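Down below is the structure, laid out as structure tokens.
Read the numbers this way: they start at 1 and go in the same order the structure lists the ligands and their atoms. Quick caveat: nothing in here was measured; it's all calculated off a predicted structure.
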Amino acid sequence: MPEPAATISGAAFHPGWLDAAGQAALVGDLRAVIAAAPLFAPLTPWGKPMSVRMTSAGRYGWYSDRRGYRYVDRHPAGTPWPPIPERVLAIWRSLVSLDRMPDCCLVNFYGDGARMGLHQDRDEADFGWPVLSVSLGDDARFRIGGTERGGKTESVWLRSGDVLILGGAARLAYHGIDRVVPGTSALLPRGGRVNLTLRVVD
Ligand code: MD6
Ligand code: FE
């Protein structure tokens with residue numbers, strides 16, 4: 001597997017992994033995913049809608065409501081999640097593995113003012129598999145720390161086309177998005193940011 005250009009708190013950072021044409025093609029694929037499985041704002045376990053709107057592709061989609069965080073096999077409308085686009089799977093094959101494909105591609109959309117608080121990705125069964133993230137659209141400040149809440153953190157700007165992989169000792173690192181800067185990318189005609197995360201679920 002290719003060496004990352006940098007490591008941030010143990011996460012492998014591949015800035016500019018996708019060129020402009022690759023990013024635009026991916027946006028086209030995601031339009032089809034969102035047409036089949038519209039974005040929605042999950043409720044936190046405390047009953048408040050998240051500022052990030054989400055949907056998923058794959059065998060499982062990530063979901064949250066008052067009953068907590070979990071993976072479900074249907075969109076809230078009752079329809080199956082659409083398949084993960086081949087172009088997305090190709091990124092996983094290049095950077096993670098040929099032996100097992102992800103079960104879920106979570107699609108996060110950040111409009112005006114959306115952010116994501118520090119969290120761990122730990123709803124999956126096997127932490128031996130990394131989580132791979134792809135950034136598209138406006139620049140975002142990503143914050144990452146250790147495996148304990150309240151520890152030291154560092155931040156990195158994620159730009160359109162960047163790939164970041166949380167694996168190994170960083171698999172359970174706390175991380176989040178402090179802010180997204182409007183107008184920093186022309187990829188999405190109405191602005192905003194999309195983040196894809198690929199996960200092996202079970
Ligand atoms: C985001 N990313 O970039 C939020 N999770 O919008 C994540 O929550 C994330 O970047 C697991 C692994 C990589 C990530
Ligand atoms: Fe995460």
Polar pairs, ligand 1 vs protein, N/O only, below 3.5 Å.
{"unit_1": "ligand 1", "atom_1": "3 (O)", "unit_2": "Arg193", "atom_2": "NH1", "d": "3.4"}
{"unit_1": "ligand 1", "atom_1": "3 (O)", "unit_2": "Arg193", "atom_2": "NH2", "d": "3.0"}
{"unit_1": "ligand 1", "atom_1": "3 (O)", "unit_2": "Asn195", "atom_2": "ND2", "d": "3.1"}
{"unit_1": "ligand 1", "atom_1": "5 (N)", "unit_2": "Asp121", "atom_2": "OD2", "d": "3.3"}
{"unit_1": "ligand 1", "atom_1": "5 (N)", "unit_2": "His175", "atom_2": "NE2", "d": "2.8"}
{"unit_1": "ligand 1", "atom_1": "6 (O)", "unit_2": "Tyr110", "atom_2": "OH", "d": "2.4"}
{"unit_1": "ligand 1", "atom_1": "6 (O)", "unit_2": "Arg193", "atom_2": "NH1", "d": "2.8"}
{"unit_1": "ligand 1", "atom_1": "8 (O)", "unit_2": "His119", "atom_2": "NE2", "d": "3.1"}
{"unit_1": "ligand 1", "atom_1": "8 (O)", "unit_2": "His175", "atom_2": "NE2", "d": "3.1"}
{"unit_1": "ligand 1", "atom_1": "10 (O)", "unit_2": "Ser133", "atom_2": "OG", "d": "3.2"}

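A side chain to side chain donor-acceptor pair (under 3.5 Å) check over residues 106-118, counting only residues at least two apart or in different chains, returns nothing.
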Check residues 27-41 and write down every donor-acceptor pair under 3.5 Å in which the side-chain atom is one partner and the other belongs to a residue at least two apart or another chain.
{"unit_1": "Asp29", "atom_1": "OD1", "unit_2": "Arg87", "atom_2": "NH2", "d": "3.4"}
{"unit_1": "Asp29", "atom_1": "OD2", "unit_2": "Arg87", "atom_2": "NE", "d": "2.7"}

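In this structure, Ser64 contributes its side chain and Leu43 its backbone to a donor-acceptor pair below 3.5 Å. The backbone N or O of Asp73 sits nowhere less than 3.5 Å from a side-chain atom of Arg59 that would complete a donor-acceptor pair.
His119 contributes NE2 as its N, O or S atom closest to the Fe ion (ligand 2). Taking the N/O/S atoms of Asp121 in turn, the shortest distance to the Fe ion (ligand 2) belongs to OD1.
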Could you please spell out the steps behind the side-chain hydrogen bond (donor to acceptor under 3.5 Å, both in side chains) verdict for Asp202 and Tyr60?
CA-CA 10 Å; Asp202 59 8; Tyr60 290 113; 2.6 Å; yes
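For Ser133, the side chain to side chain contact (heavy atoms under 4.5 Å, CB included) criterion is met by Leu164, Asn195, Thr197, not counting sequence neighbours.
When all heavy atoms are compared, the tightest approach of Val96 to Met1 is O-CE, 3.5 Å.
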